[in-house]
Amino acid sequence: MSETIFTKIIKKEIPADILFEDDRVLAFNDINPQAPIHFLVIPKKPIATTNDIQQEDDALVGYMHRVAAKVASDLGAAESGFRTVMNCNKHGGQTVYHIHLHVLAGKALGWPPYQEKLKVE
Ligand code: AMP
C-alpha cells in the first residue's frame with residue numbers, strides 16, 4: 001500500500017489535532033469538519049479500504065469503534081449520540097486510502113429514512 005497523508009500524521013511528519021493515541025490507533029480532528037464534532041479514528045496499521053480488512057484485523061477494527069465511543073464521551077457527545085462512517089472506494093466517497101472511522105456529533109444529524117419517517121408520522 002502506498003503511503004497516504006495519514007501515514008505522515010502517524011509518523012508526526014505533518015501536524016494534526018490529536019485527541020487520542022496509543023500503540024494501535026490514532027484519533028484526530030478532521031481538517032474539514034462536517035459537524036460541530038468531527039474526528040477520525042485510524043489504525044496505525046495501514047489498511048487501504050474496508051475491502052482490505054482481514055480476519056486478523058477484526059479486533060483492531062472493533063477497537064477503533066471503542067476508541068470512537070471513548071473520545072466521543074471525552075467530548076461530551078456519547079449520551080446525545082454520534083454517527084460513525086467508513087467510506088469505501090469511489091462510490092463510497094473515499095479520498096484517503098488508509099481506513100478511517102469518521103465520528104460525527106454535536107447536533108442532530110440528518111438521515112434520509114429518519115426524515116422520511118418524520119414526514120409520515
Ligand atoms: P474520506 O473522504 O472518507 O476518505 O475522508 C477523508 C477525510 O480526511 C476527509 O474528511 C478530510 O477532511 C480528512 N483529512 C484529509 N487530510 C487531513 C488532515 N491533514 N488532517 C485531518 N483530516 C484530514
Side-chain angles (χ1 to χ4, degrees):
M1 192 186 120
S2 56
E3 221 176 69
T4 69
I5 194 151
F6 291 171
T7 311
K8 291 187 169 63
I9 289 175
I10 292 165
K11 291 183 182 170
K12 309 284 160 56
E13 289 171 2
I14 62 166
D17 190 6
I18 292 173
L19 301 168
F20 178 86
E21 177 169 18
D22 67 9
D23 56 328
R24 288 187 281 171
V25 301
L26 192 62
F28 52 94
N29 279 321
D30 196 293
I31 206 167
N32 182 22
Q34 301 300 311
I37 293 172
H38 184 179
F39 63 89
L40 305 174
V41 182
I42 69 170
K44 288 194 170 173
K45 175 183 178 180
I47 300 170
T49 77
T50 307
N51 293 332
D52 301 300
I53 296 169
Q54 304 298 314
Q55 192 173 355
E56 69 197 32
D57 303 318
D58 288 357
L60 177 61
V61 175
Y63 183 57
M64 287 168 65
H65 285 78
R66 215 151 58 73
V67 169
K70 183 228 171 324
V71 174
S73 173
D74 291 347
L75 297 175
E79 279 304 309
S80 46
F82 55 89
R83 178 171 299 155
T84 50
V85 175
M86 192 180 283
N87 296 325
C88 181
N89 278 339
K90 192 174 166 189
H91 283 184
Q94 186 173 8
T95 58
V96 180
Y97 283 78
H98 179 132
I99 60 164
H100 46 282
L101 204 54
H102 291 264
V103 185
L104 300 135
K107 67 172 186 181
L109 300 162
W111 184 252
Y114 178 63
Q115 279 157 6
E116 202 50 45
K117 202 171 163 220
L118 281 182
K119 251 185 256 168
V120 294
E121 282 179 355

Legend entry - Ring centres under 6.0 angstrom apart (Phe82, Phe39): no
Inset, instruction - Taking the side chain as every heavy atom from C-beta outward, state whether Val61 and Leu101 have any atom pair closer than 4.5 Å. - result: no
Inset, instruction - State the NZ-CD1 distance between Lys44 and Ile9, to the nearest 0.5 angstrom. - result: 12.5 Å
Legend entry - From Glu3, His98, Glu21, residue fulfilling side chain to side chain contact (heavy atoms under 4.5 Å, CB included) relative to Ile10: His98
Legend entry - Path from Tyr97 to Leu40 over hydrophobic side-chain contacts below 4.5 Å: no
Inset, instruction - Would you name the heavy atoms of Leu75 and Ile37 that are closest together and state the gap between them? - result: CD1-CG2, 3.8 Å
Inset, instruction - Quick one: pull up NE2 in His100 and OG1 in Thr95 and give me the separation to the nearest 0.5 Å. - result: 5.5 Å
Legend entry - Val96 vs Ile42 side-chain heavy atoms within contact, under 4.5 Å: no
Legend entry - Point-to-point distance, once rounded to the nearest 0.5 Å, from NZ of Lys45 to CD of Gln54: 7.0 Å
Inset, instruction - Show your reasoning for whether side chain to side chain contact (heavy atoms under 4.5 Å, CB included) applies to Arg24 and Val67. - result: CA-CA 10 Å; Arg24 288 187 281 171; Val67 169; over 6 Å; no
Inset, instruction - Drop me the distance from Met64's CE to Leu26's CG, to the nearest 0.5 angstrom. - result: 11.0 Å
Inset, instruction - Without swapping roles, check the side chain of Gln94 against the backbone of Thr50 for a donor-acceptor pair under 3.5 Å. - result: no
Inset, instruction - Classify the ring geometry between His102 and His38 as parallel (under 30°), tilted (30 to 60°) or perpendicular (over 60°). - result: tilted
Inset, instruction - Test Leu19 against Asn29 for side chain to side chain contact (heavy atoms under 4.5 Å, CB included), laying out the working first. - result: CA-CA 7 Å; Leu19 301 168; Asn29 279 321; 3.5 Å; yes
Inset, instruction - Can you measure from CG (Asp52) to CD1 (Ile47) and round to the nearest 0.5 angstrom? - result: 8.0 Å
Legend entry - Minimum-distance pair of heavy atoms, taken over all atoms of Gly106 and Pro36: O-CG, 3.7 Å
Inset, instruction - Give the minimum heavy-atom separation between Ala35 and Ala105, together with the two atoms involved. - result: CB-O, 3.5 Å
Legend entry - Close side-chain approach of Val71 to Val41, heavy-atom, < 4.5 Å: no
Inset, instruction - Might you point out which heavy atoms bring Leu104 and Leu109 nearest each other, and give the distance in Å? - result: O-CD1, 3.6 Å
Legend entry - Pro43 and Ile99, any side-chain heavy atoms less than 4.5 Å apart: yes
Legend entry - Pairwise side-chain contact, Asp74 with Phe20, heavy-atom cut-off 4.5 Å (strictly under): no
Legend entry - Inter- and intrachain pairs under side chain to side chain donor-acceptor pair (under 3.5 Å), touching residues 76-91, at least two apart: none
Inset, instruction - Give the intermediate values and the outcome of side chain to side chain contact (heavy atoms under 4.5 Å, CB included) for residues Lys12 and Ile18. - result: CA-CA 10 Å; Lys12 309 284 160 56; Ile18 292 173; 3.5 Å; yes
